[in-house]
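All values below come from the heavy atoms of this structure, side chains included, with hydrogens, waters and symmetry mates left out. Atoms within a ligand are numbered from 1 in the order they appear, just like the ligands themselves. This one's a predicted model, so the numbers in the text were calculated from it and none came from an experiment.
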Amino acid sequence: MQADKVVRSTCPYCGVGCQVALHIKDDRIFRIEAPVEAAPNYGRLCVKGRFGADYVHHPNRLRLPLVRRRPQRPGRRTPARFPDDWREATWDEALNFAAQGLARIHRAAGPQAITANACAKATNEDNYLHQKLMRGVLGTNNVDHCARLCHAGSVTGLQLALGSSAMSNSIAEMPDLDCFIVTGSNTTETHPVISTFLKQAVTRNGANLIVIDPRQTEMTRFARLWLRHKPGTDVALFNALAHVIVTEKLYNNAFIAGRTAGFAEYAASLELKTPEWAEIITGAPADDIRRAARMVATARRAAIYWGMGISQSTHGTDNTLTLTNLALLTGHIGRPGTGLNPLRGQNNVQGCSDAWGLPNVLTAYQPVAGAAVRAKFERDWFGPDDDRRLPAQAGLTTTEMVDGILSGIVKGWYVMGENPLMSEPNLRHAQHAVEHLEFFVAQDIFFNETNVYADVILPAAAFAEKEGTFTNTDRRVQRVRKAVAAPGQARADWQIICGLAVRIEAELNRPTLGWQYARPAEIWEEMRRLTPDFGGINYDRLEREGGVHWPCPTADHPGTPYLFADSFPAGRGKFFAVEFNTASELPDADYPFILSTGRVLYHWHGGTMTRPSALNEIWPEATVELHPRDAARLNLTTGDWLDLSSRRGTITARLLVTGRSPEGTVFIPFHFAEAAANILTDNRLDRRAKIPDYKVCGVKIEKAAVIPAARPGAEIPLEDRGAIKDVSGLK
Ligand SMILES: Nc1nc2c(c(=O)[nH]1)N[C@H]1C(S)=C(S)[C@@H](COP(=O)(O)OP(=O)(O)OC[C@H]3O[C@@H](n4cnc5c(=O)[nH]c(N)nc54)[C@H](O)[C@@H]3O)O[C@H]1N2
Ligand SMILES: Nc1nc2c(c(=O)[nH]1)N[C@H]1C(S)=C(S)[C@@H](COP(=O)(O)OP(=O)(O)OC[C@H]3O[C@@H](n4cnc5c(=O)[nH]c(N)nc54)[C@H](O)[C@@H]3O)O[C@H]1N2
Ligand code: SF4
Ligand SMILES: [Mo]
């Protein structure tokens, strides 16, 4: 088919930020290719980038603003069905209704009674305005987003040790790696194009890959060493690696003396943490721990890549600190091919955090507590003679918002493009909280499990229907371009926010902050003038160069592909002595298995975007992975229907017997509403990062009492589903 036009944009799924060429015919995307000359993917795409953007044209897209037919009362709020409980409204009506509801709460209970979720799928410009509305008009820092459920453990640990939390090196360095650790990351399924560069380092460059993961991911097939430890035991394992490096004097003396602090105390804390001690706790053989330690310490350059297996834990911060310790000890940071690299998940989770979708910082991590920083924003927005002030106190995190609703502090909620009633832990608890809201505004491209509780839904344009920028996992700011028209009356998020903001200002009798942007480039310009790290990036330059890595303070600055060449933002990098401990819910006699949750290649989070996609045909239902020895003991086989229960609830799904998960652990993807893994998970938190533990809680398994009705596609034999490869025996 001949395209009417081909539009260059950025993939809407994961943080790799692949560049895509959208082929358009009759206002529809009919093919997606990748330009071979463009970083970061150079012609590569995974199945979601190539075939998964069909959700854009799905008939279920929200087309018109919707308002509830009946008012909802706190404590009695219910999910609504279309069209019975909704009526279509004009934009004017819906925006007025939303503004009046939020203003009513603001007047009655103050700014802290309103909270908002920013959107890691929307653009930097969308998110900047969302925060400007919350902070500048409503006067609250109660803004957070899915980064809390994601890399919060990594961010907190990296901030403590280095004073910066971004990934320190770039994707471009990956094919040339010498030695690297991949831990708690199922890279081939979750950052597929990055995984191809990492595999290339092994197959073409002979790099030493060490995988540290309880689950047999495909990356283990490329590993020189695979340490299969028990879930939740990373602190013990990484402490033992450090013990070997210290006792065998393999550490980097010059780096430690020149760039770090706290080494002596830290080294003393490692004395008893021998590989034999760690083997008892982790199950990983002491000899392998020694080999891994020597491999990393003696490499010319070594890098660490990690994902949710490290971060999503009641001790996610401690886990991360053991990784920063290792990098500081060996001096493998601040040079190409080294570094500490948390692989960021959502297409724009880096950008949503940079654009201040967090409760304690303004753009690019300028602290809200800093008076000078606030004064800069106050002058720019309110003008020099205005006495309005920005709130100085940090706001609530997403996990605290849920408890805030139940304790009566929070009454109003504005969710832009998130689905907490699939993604929060302990869903019954989160659902109970949502039922108690006084007023709820949602803004999305689809109905999802959360926004059906809202009073008003504002229909948003999807990535291919708007202009803007996303920032990928290695801090590269890249363009998103309008290729097709939005369905019905759906509008870009930034336009919706401008309409809402002026109405709230009118309701609250505030002088307006403007909101007269003609195009996203003007929003970027405003953010840039308030954010030194973005100073050298503008749309013209993005047009010419394709993408720029921030920090980039001036127009002649080349951008920063790797961080910390000369110093850390905190000055010296700090060692932290960390003890192995856990606050997670461990298995016991009643709930004898560990539940680990995560992802499959073909689906995205709560499934809002991938279940309406053709991708759903490949993986149409939830699966429960169980080790063959456990299955034999319980007399179960692949395809059996199981009831899985934790102390919080029960779900029903089909069994897949495979050696990928270790004995005693079951793995479930959290993409399927009809068997939502988060009904089972626990909402206790890491005390510093406030991130829940999605990787360890206790569950029990029984044959299903009632077998659910068949769903389309479910007849594909489980063993034939694309990514399932039982690779046991290959190692
Ligand atoms: N297909 C697809 N890709 C995605 C997403 C998606 O929904 N679908 N989501 C995106 C997002 S937002 C994110 S954050 C990333 C997440 O990307 P990943 O972090 O790769 O995703 P998970 O499936 O959560 O896998 C985490 C890995 O941690 C391991 N693990 C479990 N427990 C432990 C432990 O105690 N210690 C260690 N070291 N490892 C453990 C698991 O076995 C698994 O291999 O993926 C992004 N990419
Ligand atoms: N059990 C378990 N739970 C987990 C995790 C886990 O590993 N295990 N991982 C956690 C992690 S790492 C993450 S990041 C979270 C993700 O949690 P969420 O962010 O809540 O999940 P998504 O499904 O990505 O929600 C994105 C929403 O944005 C909408 N959307 C897409 N594009 C746009 C747009 O342009 N504008 C607007 N307004 N909306 C848009 C989609 O329709 C969808 O409803 O889940 C967390 N929950
Ligand atoms: S690797 Fe990520 S960014 Fe690239 S095509 Fe796949 S989902 Fe999209
Ligand atoms: Mo994430």
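- Listed by number with element, the atoms of ligand 1 under 4.0 angstrom from any heavy atom of G598 are 23 (O), 24 (O).
- Here H603 and F672 bring their ring centres to under 6.0 angstrom of each other.
- For A461, the closest heavy-atom approach to ligand 2 falls below 4.0 Å.
- At a 3.5 angstrom cut-off on N or O pairs, K230 does not count as close to ligand 1.
- By the 4.0 Å heavy-atom criterion, H151 is excluded from the residues contacting ligand 2.
- Close contacts between ligand 1 and G232 involve ligand atoms 34 (C), 35 (O) [criterion: under 4.0 Å to a heavy atom].
- Considering backbone and side-chain atoms alike, M308 places an N or O below 3.5 Å from some N or O of ligand 1.
- Classification of the H58-F446 ring pair by plane angle, with boundaries at 30° and 60°, yields perpendicular.
- Polar contact with ligand 1: absent for P214 (N/O pair, distance under 3.5 Å).
- The proximity of E424 to ligand 2, defined as any non-hydrogen pair under 4.0 Å, does not occur for either the backbone or the side chain.
- Those atoms of ligand 2 with a heavy atom of A460 less than 4.0 angstrom away are 38 (N).
- With D493 as the fixed residue, the side chain to side chain donor-acceptor pair (under 3.5 Å) test singles out one of K466, H130, K121: K466.
- Residue contact annotation: V600 has a non-hydrogen atom under 4.0 Å from ligand 1.
- Residue contact annotation: K695 has a non-hydrogen atom under 4.0 Å from ligand 2.
- Under the ring-ring contact (aromatic ring centres under 6.0 Å, His included) criterion, F670 pairs with H605, sequence neighbours left out.
- Every atom of ligand 2 is numbered from 1 in the order shown, and the set under 4.0 Å from a heavy atom of W604 is 24 (O).
- Between Q346 and ligand 1, no pair of N/O atoms sits closer than 3.5 Å.
- Not a single heavy atom of R344 lies less than 4.0 angstrom from ligand 1.
- Electrostatic pairing of E617 and R611 does not count as a salt bridge here, judged by no charged N lying under 4.0 Å from a carboxylate O.
- Using bins of under 30°, 30° to 60° and over 60° for the plane-to-plane angle, the ring pair Y305/F180 lands in the perpendicular bin.
- With a 4.0 Å heavy-atom cut-off, ligand 2 is reached by no atom of H145.
- The shortest N or O to N or O distance between G309 and ligand 1 is under 3.5 Å.
- Taking every non-hydrogen atom of G606 and a distance limit under 4.0 Å, the qualifying atoms of ligand 2 come out as 23 (O).
- Every atom of ligand 2 with a heavy atom of Q443 under 4.0 Å away is listed here by number and element: 38 (N).
- The heavy atom nearest to atom 25 (O) of ligand 1, considering only N186, T188, T282, is found in N186.
- Salt bridge absent: R660 and E218 never bring a charged side-chain N and a carboxylate O closer than 4.0 Å.
- Within the set T681, V480, D493, the minimum heavy-atom distance to atom 37 (C) of ligand 2 is found for D493.
- For ligand 1, the atoms sitting less than 4.0 Å from at least one non-hydrogen atom of L601 are 1 (N), numbered in the order shown with element in parentheses.
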